[in-house]
Amino acid sequence: MKRLIHIVSSLNVGGAEKFVKNLSIEQLAQGQKVEIISFGKQSDVFQPSLTHAGINITNLAEGLFTRLKQLIYIFKNVDIIHIHSPAVIRAILPIFPVLLYKKVIYTIHGEVDPPQSLIKLSHQVSLLYLNRILAVSQSAKESVERRYGWNSSRVGVIKNGVNVVSKLEKPEDNSKIRLGIVSRLIPLKNIPLLFEAIALLPSFVSQNITLHIFGDGPSFKEINEKSQQLPHAVEVDFYGNVVEESNIYTKFDILVMCSNTEGLPMSILEAMGYGIPIISTDVGAISQVVIDQQTGWLYPAKNVNALVDILNNVISKPESILVNGKRAKNFIDEHYAISIVSEDYQRIYEA
C-alpha cells in the first residue's frame with residue numbers, strides 16, 4: 001500500500017485545514033495509508049479529532065535546518081506528497097531536489113496569498129517537481145497567472161468536499177427563525193451588515209429572530225458591542241470556535257453571509273450538507289452552489305436594503321426554509337460529498 005502524506009501550514013480553523021481533515025478521515029476509512037505533516041502546533045484545533053480518528057500527525061520541530069532535515073528523512077519513505085498551502089511550497093524550496101523523485105500533488109485552496117517573500121520564486125521552482133496542480137474552484141484556477149505567473153491551463157479543478165449527514169435533526173423549538181453566522185470575525189466578513197438589516201425590520205418580524213455566531217477573530221469586540229444595540233427581543237449567542245460540525249449546524253435554520261468578497265466558503269458547503277439554506281452576498285463562486293430562490297437567496301454585497309427584503313420574505317414564509325434546505329442538501333450530496341472528492345483524488349494518486 002502506498003504511503004500518502006498531506007502537508008499543511010497548520011491544523012487551525014480554516015478552509016484548507018478543514019478540507020484536509022475531512023479528506024484524511026475519509027481516505028483512512030477507505031483503507032488508504034494516510035498521514036499528515038503540520039508546520040503548526042499540537043494544540044491546533046483540528047489535531048485532537050484527527051489523532052482520535054487514528055491519523056498520525058508529525059508536527060515539525062522549530063528551527064529552519066532542523067525542519068528541513070526532518071522533512072528529508074520523512075520524504076525518503078513516502079510515495080505521494082499532497083501539499084495544501086503556498087507557505088509550504090515556500091518552506092520546502094531549499095530541499096526541492098528531494099521531491100524530483102516523488103509524486104507530488106498541490107491543491108490551491110484560496111485566491112489570495114499571505115504576504116511572504118519568495119512565494120512567487122518558490123512556485124516557479126515547484127513546476128520542476130509538481131506532478132499535478134489542482135484548484136478547488138475555477139476562480140482559484142484562473143488566479144494562478146496573476147499570483148505565480150503560471151499558465152492556468154496546467155491547473156485542474158477538484159471541488160472542496162464536506163461531510164454530509166444521512167438524517168437531519170429537527171429543531172426542538174421552531175417558534176423563532178434561527179439565523180447563523182459561521183466565520184472568522186474580521187472586517188472582510190462585514191457581519192455588522194446583518195445587525196443593520198435586523199434593526200431595519202419591523203418589530204413584529206425581528207422579534208421572531210434569534211442569532212447564533214460561531215467563530216472568533218480580531219473584530220469580536222466590535223461585533224459584540226454592535227450586537228448589543230439590536231432590539232432587545234433579538235437574542236444573540238456567541239459560541240467562539242467550535243470544531244464539531246454537529247455542534248454548529250444543528251443550532252440554526254439559515255446560514256447568513258455578508259462578506260464583501262469570498263471564494264467559496266467551506267461553511268456554506270457544510271451548512272448545505274446539513275440541509276440548511278443560505279442567505280449570502282453574490283460574490284466569488286458562491287452563486288455556483290447558492291442558487292437564488294432554490295438553495296438559498298443572493299443579494300449584492302453591502303446592500304442592506306436587499307438583505308432586509310430577503311429576511312422579510314423568508315421570515316414571513318418559513319416553509320421556504322425547509323424546501324430550500326432540502327434542495328441544498330441534495331445538491332451537496334450529489335456534487336460536494338467528501339466521498340466523491342476522495343475518489344477524484346484517488347484517481348490522481350494512481351495515475
Side-chain angles (χ1 to χ4, degrees), residues 15 111-112 137-139 160 176-215 217 219 222-223 226-227 229-231 234 236 249 252-329 331-332 336:
E111 300 173 41
V112 180
S137 68
Q138 184 64 28
S139 55
N160 269 328
K176 292 191 175 186
I177 304 300
R178 305 173 301 167
L179 304 180
I181 291 175
V182 182
S183 169
R184 285 203 68 213
L185 305 186
I186 57 177
L188 185 69
K189 304 299 183 178
N190 200 14
I191 293 169
L193 186 76
L194 177 58
F195 302 157
E196 186 180 347
I198 292 173
L200 292 172
L201 291 170
S203 60
F204 68 87
V205 176
S206 62
Q207 68 184 5
N208 290 317
I209 293 174
T210 62
L211 184 55
H212 305 263
I213 301 176
F214 293 83
S219 296
E222 175 195 356
I223 291 170
K226 290 187 176 181
S227 73
Q229 299 170 16
L230 286 168
V234 181
V236 182
Y249 299 107
F252 53 85
D253 308 298
I254 307 171
L255 178 73
V256 183
M257 298 283 295
C258 302
S259 301
N260 297 329
T261 181
E262 283 285 359
L264 180 55
M266 287 287 284
S267 58
I268 284 182
L269 303 178
E270 290 169 349
M272 291 174 66
Y274 273 77
I276 296 173
I278 314 297
I279 297 174
S280 175
T281 47
D282 188 1
V283 293
I286 290 175
S287 62
Q288 295 177 12
V289 297
V290 181
I291 315 300
D292 193 39
Q293 306 295 325
Q294 295 185 42
T295 61
W297 301 267
L298 296 172
Y299 66 99
K302 303 181 182 179
N303 191 327
V304 68
N305 291 325
L307 178 55
V308 169
D309 289 343
I310 291 172
L311 290 172
N312 254 322
N313 291 332
V314 171
I315 293 166
S316 64
K317 299 177 182 177
E319 64 275 8
S320 65
I321 299 173
L322 182 61
V323 171
N324 285 6
K326 288 181 178 178
R327 291 181 185 143
K329 176 168 171 49
F331 184 87
I332 295 300
Y336 286 89

| message | Checking the side chain of Thr295 only, and the main-chain atoms of Val289 only, is there a donor and an acceptor separated by less than 3.5 Å? | response | yes
| query | Could you walk me through whether Leu298 and Ser287 pass the side-chain contact (heavy atoms from CB on, under 4.5 Å) check? | reply | CA-CA 8 Å; Leu298 296 172; Ser287 62; 3.9 Å; yes
| task | Output, in order, the C-alpha distance, side-chain angles, deciding distance and verdict of side-chain contact (heavy atoms from CB on, under 4.5 Å) for Ser320 and Trp297. | result | CA-CA 11 Å; Ser320 65; Trp297 301 267; 3.7 Å; yes
| query | According to the salt bridge (charged side-chain N to carboxylate O under 4.0 Å, His left out) rule, which pairs have a member within residues 275-301, sequence neighbours left out? | reply | none
| Straight-line distance of Thr281 OG1 to Tyr299 OH, nearest 0.5 Å | 5.0 Å
| task | Could you point out which residue of Val205, Leu179, Leu200 forms a side chain to side chain contact (heavy atoms under 4.5 Å, CB included) with Leu311? | result | Leu179
| query | Which value, rounded to the nearest 0.5 Å, describes the distance between Asn305 atom CG and Ile310 atom CD1? | reply | 11.5 Å
| field | Gap separating the CG atom of Asp253 from the OH atom of Tyr274, nearest 0.5 angstrom | value | 15.0 Å
| field | Student check: side-chain heavy atoms of Pro187 and Glu222 closer than 4.5 Å | value | no
| Would you say Ser206's side chain and Ile198's backbone share a donor-acceptor pair under 3.5 angstrom? | no
| query | Distance from Cys258 atom SG to Leu188 atom CG, nearest 0.5 Å? | reply | 11.5 Å
| task | Specify the closest pair of heavy atoms between Leu185 and Gly215, including all atoms of both residues, with the distance to one decimal. | result | CD1-O, 3.6 Å
| message | Going by the rule side chain to side chain donor-acceptor pair (under 3.5 Å), which residues pair with Asn160 if we only count those two or more places apart in sequence or in a different chain? | response | none
| said: For Ser183 and Met257: C-alpha separation, side-chain torsions, deciding distance, then whether side-chain contact (heavy atoms from CB on, under 4.5 Å) applies. | reply: CA-CA 9 Å; Ser183 169; Met257 298 283 295; 5.6 Å; no
| Donor-acceptor contact present, side-chain Lys176 to main-chain Gln207, <3.5 Å | yes
| field | Stepwise side-chain contact (heavy atoms from CB on, under 4.5 Å) check, Arg327 with Asn324 | value | CA-CA 5 Å; Arg327 291 181 185 143; Asn324 285 6; 2.9 Å; yes
| message | Quick check: closest heavy atoms across Asn208 and Ile315, and the distance to 0.1 Å? | response | CB-CG2, 4.4 Å
| task | Kindly give the heavy-atom pair with the smallest separation between Ile286 and Ser280, and that separation in Å. | result | CD1-OG, 3.4 Å
| said: Rounded to the nearest 0.5 Å, what separates atom CG in Asn260 from atom CG in Asn190? | reply: 4.5 Å
| Glu196 CD to Leu201 CG distance, which is reported to the nearest 0.5 Å | 11.5 Å
| Quick one: are Val314 and Ile321 in side-chain contact, heavy atoms under 4.5 Å? | yes
| message | To check you understand the geometry: which heavy-atom pair defines the closest contact between Val290 and Ile268, and what is its length? | response | CG2-CG2, 4.0 Å
| Shortest non-hydrogen contact from Leu211 to Phe195? | CD2-CE2, 3.3 Å
| request: Indicate the atoms forming the closest heavy-atom contact of Ser139 with Ala285, along with that distance. | output: OG-CB, 4.4 Å
| Is there a side-chain contact between Glu270 and Tyr249 (heavy atoms, below 4.5 Å)? | yes
